[in-house]
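What follows is one structure encoded as structure tokens, with my remarks underneath.
Chain A is the first sequence line, chain B the second, and so forth, proteins listed ahead of strands; every chain is numbered from 1. All values below were derived from every heavy atom in this structure, side-chain atoms included, with hydrogens, water molecules and symmetry-related copies excluded.
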Amino acid sequence: MSVESAWVFWMLYGVATVATALGSVAFWGPRWARTSGIVLLLVAVGGFIGTLGSRWMIAGRPPVIGTFENTLVTATLIVAVAVAVACFGPPTPQPPLPGLIAPWALVVLAGGSLAIRTPLPIDAGGRTLIGYFHALVGWLDFALLVGSFAAAIGLLLCRRAADDAAWDEALTRLLGLGFALLTLTIASGSVYSFILFGEWYRWQIVETASAVAWLACATLLHLRLLHRWQGRRLAVATLVAFLITVPAFWIWAVYPTTYHYFDAVLRLR
Amino acid sequence: MIDRIVKFLASPQFALTCLLTGVGLVALAAFPLQFIAIPGDQIARMVTRGVPFVALYAALALATLACFRKRWKAIPRLVKATVRLPNHDTHVVSRIAFDDDRATRALRRVGFRSIAVTQDRVTGVRSRFGPLGNHLFHSSILFVVGATLIGMVPGGASVSRVRIAEGESVEDKAEAPYGDTGFAESIPVSSFSVENVEGTSVGRRPATLRVTVRDAGGQKRLMTAGVPWVPNPVTVIAAEDFGLSATFSIVPSGSVAPIASRTVDLTDHGFKTTEYFKLRASTGMYYRIGVKAQARPLSTSTPAQLRVSVAKSKKPSGMWRMIAAPQTMTVGGSEKAGDVSVRLVRTAPHASFRIQRSIAGPLALLGLLLAAIGSLLRLAMPRTEATIERAGTEGTAVRLASDVYRTAARLQARLVRAWEEDR
């Protein structure tokens, strides 16, 4: 890594992180501050995209290998989902949904900062369009599920019962999109697995965790759509389902006996 | 009685029971085994093909079939252009007097189609075919379960792995199988020969891999690690790895005819690991040739210098006696080892191919596609209906409902704005 590239990388990383933090806080303020929150989060998305581009140049390949790079991609998408919710999502009263979603990008980045940051090589199996698609859809899906998790927290924090419907809609839409993308992630991963290993499904820890996550989200949607669960009951169920879902996305970072394992275990320095 | 059973199988409660049982079974049965690093195929044998899992597959398939039986008649009604959802409480009353032309324009601007105008009411539908996604998604379960069951039938699927060097064809390798199933097993693919193998390594895995083969019709096919060759819908030929092959021949002293020649892969087990192969001479003696690459071939262009040792035995499983000290050889070189001479005939890059036949493959792929399309259609593009109608003498009510999420607050706000601004 040249000194100049590293400097650009860390500068953009710093800008994006600070903009995410300030943008998250701004949503809790008055109306004008919310607008500046959107602007700050857009700056953060731009900063993260620049960080990823710079990392791409440093590593000489798309930044999809290793915990550190994947946390960068995830943080970008979480902030992007927060912006999309602020601009196109159902309007939610206080506490603000984008302000509840964006801080999770910082949590993810903090986790990534514990991992090794040396650019790791990519093998031929990783250099495939379907592989990049699978990773991108997977992280976007995680960002949406983080959104539904944040909406569940918002619903539980919401003090006015009259606002429950708005939170309910936000939660269900993010969950529905998250489930659709989880299905697409598993389907693309299945095709990818067949191309690389000749098996549509391999009983490995990541796939098992994904199957459990998919069944958990499907259960939650059935509860919502067929059994008409809503409000606080749905929020609690969403929190439980999210905790079941997290290992599907991150277990590879801490459990090495899987072909999804891309780098060393998260290392506390 | 049958109706009652179908009704039970098609009920939301039964679907929910299946899903929760699935979560429990996978989490309790598969996770602990994976944490203690039991290989996937053993887990599949021990757990996932066990009675509880097969019962779960069957229950899922039955529930889906019952749902179809119960609900397929409703499909035409679901995608009808006319408004069918009950109006929810979410509506906005505007002070602007009702005007059907203005309402039509407002609905069109927000993306509503299939607009119907009656005397006091204009309705529109957005994402009319969204409900079809539900049926596509659930039918995918049947395809995936069907593909899984077909894959379990003997003969339903087979995998062979073969290494073929540049200049060789499948037929050259038909008697030299490796992998868990023999290459002699019938593979529905006609001959192909390898023209060119290019690769580089990262650690012990290929970093880049490009293989050019020529099929029976003389057409060139390019394969990479991520792009296999699919000669027909049930066959996939994938290039998995590359390496360097060496062909040796052994000639007894005083003879010109080689007793045998064999090709050995020098890169399969890593750098500086000796590969052994055995040959039987006409005298009844067995010879074991040990070959070790002097430098790991990091790419297919790396020249080969090989360290060769020869041992001899009366029985293939007996004690091997070294008959010559290890010697360095290059292509074309010949070294005397006891009563034989060993010649390195050629080295050439090879590709490792996986030739896979799976009758259920297209079914599984279709199932996955339907699952992805169905879920996106249903959840990302829900059917939304809007009604703009006269409310009292002076006002207008704007109502909106989504069949998945019930409310659509932002869309409703846009519709109200479109109605009030009417630009």
**OP:** Among A:Arg173, A:His227, A:Arg224, single out the residue with the greatest number of heavy-atom pairs under 4.5 Å to chain B.
**Re:** A:Arg173
**OP:** Give the ring-plane orientation class for A:His222 versus B:His138, where under 30° counts as parallel, over 60° as perpendicular and anything between as tilted.
**Re:** perpendicular
Original post:
Do any of residues 128-139 of chain A have a heavy atom less than 4.5 Å from a heavy atom of chain B, and if so, which, in residue order?
Top reply: A:Thr128
**OP:** Any pair with a residue in residues 180-201 of chain A that passes ring pair (Phe, Tyr, Trp, His ring centres under 6.0 Å), sequence neighbours left out, goes on the list, sorted by first then second residue, please.
**Re:** A:Phe194-A:Trp200, A:Phe197-A:Tyr259, A:Tyr201-A:Trp203
**OP:** Would you check if A:Leu221 and B:Leu379 make a side-chain contact, meaning some heavy-atom pair closer than 4.5 Å?
**Re:** yes
Subject >> Distance, nearest 0.5 Å, that separates CG of B:Leu370 from OG1 of A:Thr183 >> reply: 12.5 Å
Original post:
Just wondering, do A:Leu181 and B:Leu376 contact through their side chains at under 4.5 Å, heavy atoms?
Top reply: yes
Subject >> When A:Ala216, A:Ala211, A:Ala209 are compared by non-hydrogen pairs under 4.5 Å with chain B, the top option >> reply: A:Ala209
Subject >> Contact origin within A:Arg202 toward chain B - heavy atom pairs under 4.5 Å >> reply: neither
Subject >> Contacting moiety of A:Cys217, where chain B heavy atoms sit under 4.5 Å >> reply: neither
Original post:
Quick one: of A:Leu223, A:Ile195, A:Leu175, A:Ile244, who has the most non-hydrogen atom pairs under 4.5 Å with chain B?
Top reply: A:Ile195
Original post:
Considering only heavy atoms, which portion of A:Leu196 lies under 4.5 Å from any heavy atom of chain B: side chain, backbone, both, or neither?
Top reply: both
Original post:
Which heavy atom of A:Leu225 sits nearest a heavy atom of B:Val404, and at what distance?
Top reply: CD2-O, 3.2 Å
